[in-house]
There are 2 protein chains.
Amino acid sequence: MHKLADSTDAADMMDKPKKKRAAAQLKDEITAYKRRRILEEASHFFFANGYEATTLDSVAEQLNVTKPFIYSYYKNKGELLYEICQTGIQLSLTALEEALSVEGTASEQLKIVVERVARIIIENQRYVTVYLREEKCLLPEDARRIRELRHTFDTKLAALLERGKRSGEFDVQHPSRTAIWVSGLLSWIALWYHEGGRWSATEVVMDAITMVQKMVQPAGGARA
Amino acid sequence: MHKLADSTDAADMMDKPKKKRAAAQLKDEITAYKRRRILEEASHFFFANGYEATTLDSVAEQLNVTKPFIYSYYKNKGELLYEICQTGIQLSLTALEEALSVEGTASEQLKIVVERVARIIIENQRYVTVYLREEKCLLPEDARRIRELRHTFDTKLAALLERGKRSGEFDVQHPSRTAIWVSGLLSWIALWYHEGGRWSATEVVMDAITMVQKMVQPAGGARA
DNA sequence: CATAATTGCTACCAAGCAGTATAAACAAAG
DNA sequence: CTTTGTTTATACTGCTTGGTAGCAATTATG
């Protein structure tokens, strides 16, 4: 990402003819595409075999390229892991933020949040699972950044619970602690769901909604 | 464990004087102790750095012994991992079974189950976390045995939920699926709890009880 | 067609580590 | 004090793998 930004730098572009600019842009798109493909295959291997047990040679083979090819798009193995973990948590966070931008009562918003985040987690299971499992393999600085994203997620979720508590919709005695249980329940989906297994993605998402609603539901029971 | 049983074999013992028998028994206890110590230190490293990233040399160093020492008590690194994973799930299963042996209504039993299992998971976090994280590193045969224990756990939990459903204490539309959410919530503790962190073990256990109760609670609300 | 630049590959290295062959140290028994 | 068996360490091997130096092939440019 940084490299990419550098080479499409404004200073470079301004004094070059249109043609060169267009060519440079296309090249950057191709570079971005190659990076995405490498990341995608790497995530398959990290998910199936774990980070340490995965060799970059095997990733390269799967892409029909060689190891130095990968090294010309990523600085090292750790950068691959970081981008995968980052993707895992960032996708969830974005889904949360988009859901929160939909107007509605706290209960309505919570339902949308759980539905969308659960779907995103299932669709991007590889990234989320690697993030949950391999955090310990990240460099301290990278791990800090990831934890920060996670913290933002939990904080925004806690704010929603707090809102529902104030409005009387939810019965939670400690919103920020409850938020952790809810986000744990969502994370658990990535570790447990198996495509083509006993239960469909839709069933799992609906179950998750039900479970979370019950977790925050006041003693009187839920309303329609 | 197997080796140990072999060397205290009845055939060996019967035709030997009392003294030798006693000496052999003591020796076996010492062997068992050494195995436990190795496992304990290994679990620390596997928990902190992951299975693949842990070297047996570092485990040996921590114990002030050498690598061949470990190899004279365990056949290879994989056997260590298997015993750690096995401990992680077996402890939880035993806690569940003991809790289920306490007489009471389904609600009462469920509360005891969650309390005891949550405590066991916190106390043995290293073993449980390694089991959840490193299952993919196990040999297929070992992985199968572990999954069987997990399945027994989920099945027994589902049976309890089924009982509560029949008696009208619980509102669960699909006991075996709900059991997975409950056992996921419990597993999540191992991945998330941090000793000396923001919340005490007791708070976490009490929270877990509350969350599970709400998850199965009928719409009318909970009774005392 | 020649020249320059970019892109990917071949071939390699250094390090780390699981696992072992063998010897030393120690203990038990006579 | 020797003999015999057991326990642990020294010292090594063979292999894997992250990472790189330098070359070949391809493409763009004049």
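Chain identifiers are assigned alphabetically (A, B, ...) following the order of the sequence lines, protein sequences preceding nucleic acid strands; residue numbering begins at 1 within each chain. For clarity, every value in this text was computed on a predicted model and none was experimentally measured.
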Do Lys77(A) and dG19(D) have a side chain to base donor-acceptor pair shorter than 3.5 Å? no

Looking just at side-chain N and O atoms, do Thr155(A) and Thr152(A) make a donor-acceptor pair shorter than 3.5 Å? no

For a quick check under 3.5 Å, do Ser183(A) and Arg150(A) share a side-chain donor-acceptor pair by atom type? yes

Tell me what Tyr74(B) touches on the nucleic acid: a base, only sugar-phosphate, or nothing, going by heavy atoms under 4.0 Å. nothing

Rounded to whole Å, please give me the gap between OH in Tyr71(A) and C1' in dA11(C). 16 Å

How close or far is atom C1' of dT17(D) from atom CD1 of Ile70(A), stated in whole angstroms? 13 Å

Describe the nucleic acid contact of Thr55(B) in one word from base, sugar-phosphate, nothing, applying a heavy-atom distance below 4.0 Å. sugar-phosphate

Which word best sums up how the rings of Phe46(B) and Tyr51(B) line up, parallel for under 30°, tilted for 30 to 60°, or perpendicular for over 60°? perpendicular

What's the CD-P distance between Glu61(B) and dC17(C), to the nearest Å? 12 Å

OP1 or OP2 of dT8(D) versus the side-chain N and O atoms of Tyr73(B): is any pair under 4.0 Å? yes

Name the residue closer to the 5' end of DNA chain D, choosing between Gly78(A) and Lys34(B) according to the nucleotide with the nearest heavy atom. Lys34(B)

Donor on one side chain, acceptor on other, Gln90(B) and Thr94(B), under 3.5 Å: yes

With a 3.5 Å cut-off and heavy atoms only, can you find an N or O donor on one side and an acceptor on the other between the side chain of Lys67(B) and the base of dA9(D)? no

Rounding to a whole Å, what distance do you find between Ile30(A):CD1 and dT6(C):P? 15 Å

Whole angstrom is fine here: how far is it from CG in Asn76(B) over to P in dA18(C)? 11 Å

Ranking dC9(C), dT10(D), dG18(D) by distance to the side chain of Val65(A), first place goes to dC9(C)

Of Pro68(A) and Ser72(B), the one whose closest DNA chain D nucleotide lies more 5': Ser72(B)

Take the protein atom CD of Glu79(A) and the nucleotide atom C1' of dG19(D), then report the distance between them rounded to whole Å. 14 Å

Nearest whole angstrom, please: distance from the C1' of dG8(C) to the CD1 of Ile38(A). 12 Å

Find the distance Asp57(B):CG to dA11(D):C1' and express it as a whole number of Å. 12 Å

So, are Glu148(A) and Arg145(A) salt-bridged, with charged N and O less than 4.0 Å apart? no

For Thr54(B), answer base if it contacts any base atom (sugar-phosphate contacts may also be present), sugar-phosphate if it contacts only those atoms, and nothing otherwise; contact means non-hydrogen atoms under 4.0 Å. sugar-phosphate

